[in-house]
Engineer: 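Below you'll find the structure I mean.
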Amino acid sequence: MKFKKKSVMLVSFTVGTLLLATTALADIASKSGYDELKGAIKLTTEQASEKFDSFTLDYSMALKDNGKTLESSNETQKVDRKNSASENISSSLSANGDKRSSQSYSDKTTIIRVSESDPTYYVTEFTKERKDEAFTNPFKEEEAADLEKIVDAIVGSLKDHVVVTENPDGSKAITGSLTEVQIPSLVNAVASFQLKQEFNNQNSNQNNSKMPRLTKDVFVKEVKGSAKVNADGVMESILGTAVLSGKDEQGTVHEISLEALVKVMDINTTTVTKPDLTGKKVVKDIARYGDAEMSNPEKFVGKFKNDIIIEKDSKFVKVGERFVDITQIDGKSVAGRYYAEYKPEFEEYAASLSSFKFEAKFEQEQKTSANFEGTNDSGDKVRGHIYLSEYEGQVNFNIDNFNGSFGSGLMFNSSFSPVLD
Amino acid sequence: MAVFQAALLNELEKLYKKKKVLVAILLSLAVIVIGQLVIVGVRSGFGLRGTGSVEFPMLVLSVVVNTILPLFTALVAIDSFSGEFNQNSMRITLTRPVSRFKIYTAKITAIVLFILGALLLLLVFSLLAGFIFNTNSATLDSLGRTVFSYFVSLLPLTVLALAIALLANIFKSGIAVFFVSVLAFLALKVLGVLFSQYSSLFLTTQLDWYNLFLVNSFPILKILRQFLIMLGSGIMLFTAGFYIFDKKEF
């Protein structure tokens, strides 16, 4: 009897262990629809950024209120990775009825833009060849792996809502849908609050009556998605729909739906053509690309000035001029003198910071901004920041410890224009 | 069988006489009331709907299944074992002409019945509150899924009860069991987030397995795997717990 009990216990414990172990292994090994979806997205972006010579991406988005289109946009991006060229055609319809469409072309040495409202071709030519990646893989970014973990944890048990059906030709359809019962209440509440705020904010900015203003009983009604993956595992299209339901102040129920569709087409067969500019109105521009490159910094040598202004008897009165005199500049550093000149009748405003010398190293070679430190006439340290704007032809000159002047009513302006005559 | 029934009745009576059951009922109702108040607050304050009539019971379930239900399962299980070990009242139970296997089974059954009772209570009252205070969003399908979700939650909670019963037989002091259970529970929760690909193996994630029954496509394979994992661990825990209980000297 005793022996029997022991063996029964042994057997049942073993059965339990085996059952647990085998199903656990099967469970870990089984690939959920969510994993397949993730895999397809990763593979597609990887191939698009490394393997395909050319492809076309098509994004479209539509916002509808009870089935009536409020906003829509479409963008077709043709990418030729081999020649680092790309072409963009976009059109949109905004909520106040404005239709916009524009086109752009970009390669290593040029960018060309044109829009429907203005048939002028704006051409930017670069003096140097740009290193322009036509398409970068977002999963190669540093924080991608961490982000993926966070997303996985948030998605949590919703993973099981993704279903994969395989077609005979090897392609797959991945679908998923969540209705209000299936969306966790907390997620629904946070999401609908966010959407409501965003939606209503957008409304009040644009100030148009076509957009309904949701005030009551807002909730996420449905979230749906479907994707097509071809036999090579590359995602051909992905469609997502979200429906937000709510009432406006009159109590009318609105169902706002947002649909987004991304398609990948014409893999390796896309051709990007440079627009033909013959006979078109063209505005040319030589690249002054932000603060990235400054070809001839010597042009900044000289005096720059602005007016010193006070408010007096409800009027602006000029009391003098400030000068930044740049005496020396090269790719690495800049040096000069700051001083202010007051009109004789306003001499009393001349404060301690009326003159100092500065010298500054640019933050990085070929950059145009620098922090400086100088010493004024009374021996105090002065710190500030100088920025040479090629684009505006101005110098921005900020002094950090310039608090003395605010009390006296002096207004400070940090942009200095060149003294040219 | 008659012997088992008598033992079970005995256990149920002991359980019923404890104040804990009353506290459990009051806390469950409190969760429903507070939850409903929060929803009403959100609705009038932020203009959100919060929950509809059927989503409210699901909200309540998602909260209690991770908080007060495991807590009370632990308390009742600890009381049923450690409590009796310490008061030496276990001797009285054992002097009856009932085998230790039947006593152990009767104790576990009583705990399971307690969990079932708590789930039913929560279901009925949250459905009532849901229908009275929220806009109607019920369809037969969603209502059926809601009721079903409550019932399937019994399984992971039973496994939890078995695990705690095992701990109660290993450690002498009830307080030790309680703290070990709470720490293990929290640790598993954290691990489930960190290793989300293995999370379906953890008991704490299995508490949420009712979500699988809400999926439109009804992932039968996944449900089966989860069921077998729980069944396997349940058998192991029961056998191990009983083995120690059987060997114990009082």
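Letters A, B, ... mirror the listed sequences (proteins, then strands); counts begin at 1.
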Engineer: In Å, rounded to the nearest 0.5 Å, how long is the span from CG of A:D152 to CZ of B:F195?
Structural biologist: 13.0 Å

Engineer: Quick one: pull up CG in A:L18 and CG in B:L228 and give me the separation to the nearest 0.5 Å.
Structural biologist: 12.5 Å

Engineer: Of B:L224, B:I229, B:L201, which is the lone residue that meets side chain to side chain contact (heavy atoms under 4.5 Å, CB included) with A:T23?
Structural biologist: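 When B:L224, B:I229, B:L201 are each tested with A:T23, the side chain to side chain contact (heavy atoms under 4.5 Å, CB included) holds only for B:I229.
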
Engineer: If I take atom CD1 from residue A:I183 and atom CD from residue B:E55, how far apart are they, to the nearest 0.5 angstrom?
Structural biologist: 9.0 Å

Engineer: Heavy atoms only: give me the nearest A:S12-B:T239 pair and the separation to one decimal.
Structural biologist: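 Reported closest heavy-atom pair: OG-OG1, 2.9 Å.
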
Engineer: Does A:K221, at its NZ atom, have more than 12 non-hydrogen atoms belonging to other residues, nucleotides or ligands within less than 6.0 Å?
Structural biologist: no

Engineer: Is it the side chain or the backbone of A:T22 that comes within 4.5 Å of chain B heavy atoms, both, or neither?
Structural biologist: neither

Engineer: Give a yes or no on this: more than 12 heavy atoms of other residues, nucleotides or ligands lie within 6.0 Å of atom CZ of B:F245.
Structural biologist: yes

Engineer: Check this for me: B:K189, atom NZ, are more than 12 non-hydrogen atoms of other residues, nucleotides or ligands nearer than 6.0 Å?
Structural biologist: yes

Engineer: Which of residues 203-212 of chain B have a heavy atom under 4.5 Å from any heavy atom of chain A?
Structural biologist: B:N211, B:L212

Engineer: With a cut-off of 6.0 Å (strictly less than), are more than 12 heavy atoms of other residues, nucleotides or ligands near CZ of B:F227?
Structural biologist: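 Check fails, neighbour count at 12 or below.
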
Engineer: May I have the step-by-step check of side-chain contact (heavy atoms from CB on, under 4.5 Å) for A:M9 and B:F238, ending in yes or no?
Structural biologist: CA-CA 10 Å; A:M9 276 206 277; B:F238 183 85; over 6 Å; no

Engineer: Do any of residues 56-68 of chain B have a heavy atom less than 4.5 Å from a heavy atom of chain A, and if so, which, in residue order?
Structural biologist: B:M58, B:L59

Engineer: Between A:T17, A:T179, A:N188, A:L178, which residue shows the highest count of heavy-atom pairs closer than 4.5 Å to chain B?
Structural biologist: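 Looking at each option in turn, the highest pair count goes to A:T17.
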
Engineer: Distance check, rounded to the nearest 0.5 Å: B:F101 atom CZ versus A:K5 atom NZ?
Structural biologist: 9.5 Å

Engineer: Please classify the contact of B:R225 with chain A as side chain, backbone, both or neither, using a heavy-atom distance under 4.5 Å.
Structural biologist: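 Interface part for B:R225: both.
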
Engineer: Test side-chain contact (heavy atoms from CB on, under 4.5 Å) on B:I235 and A:L20 and set out the steps.
Structural biologist: CA-CA 9 Å; B:I235 292 173; A:L20 178 66; over 6 Å; no

Engineer: A quick test of your reading: do over 12 heavy atoms of other residues, nucleotides or ligands sit less than 6.0 Å from NZ of A:K228?
Structural biologist: no

Engineer: For atom CG of B:L140, decide whether the heavy atoms of other residues, nucleotides or ligands shown that lie under 6.0 angstrom number more than 12.
Structural biologist: no

Engineer: If I compare all heavy atoms of B:M236 with all of A:G16, which pair ends up nearest, and what's the gap?
Structural biologist: CG-C, 3.7 Å

Engineer: Let's test your reading of the structure: which of B:K222, B:R145, B:R43 forms the most heavy-atom pairs below 4.5 Å with chain A?
Structural biologist: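 That would be B:K222.
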
Engineer: Look at A:V15, A:T175, A:V163, A:L19 and state which one has the largest set of heavy-atom pairs under 4.5 Å with chain B.
Structural biologist: A:L19

Engineer: Please check if atom NZ in B:K248 has more than 12 non-hydrogen atoms from other residues, nucleotides or ligands closer than 6.0 Å.
Structural biologist: yes

Engineer: Quick one: what part of A:T215 sits under 4.5 Å from any heavy atom of chain B, side chain, backbone, both or neither?
Structural biologist: backbone

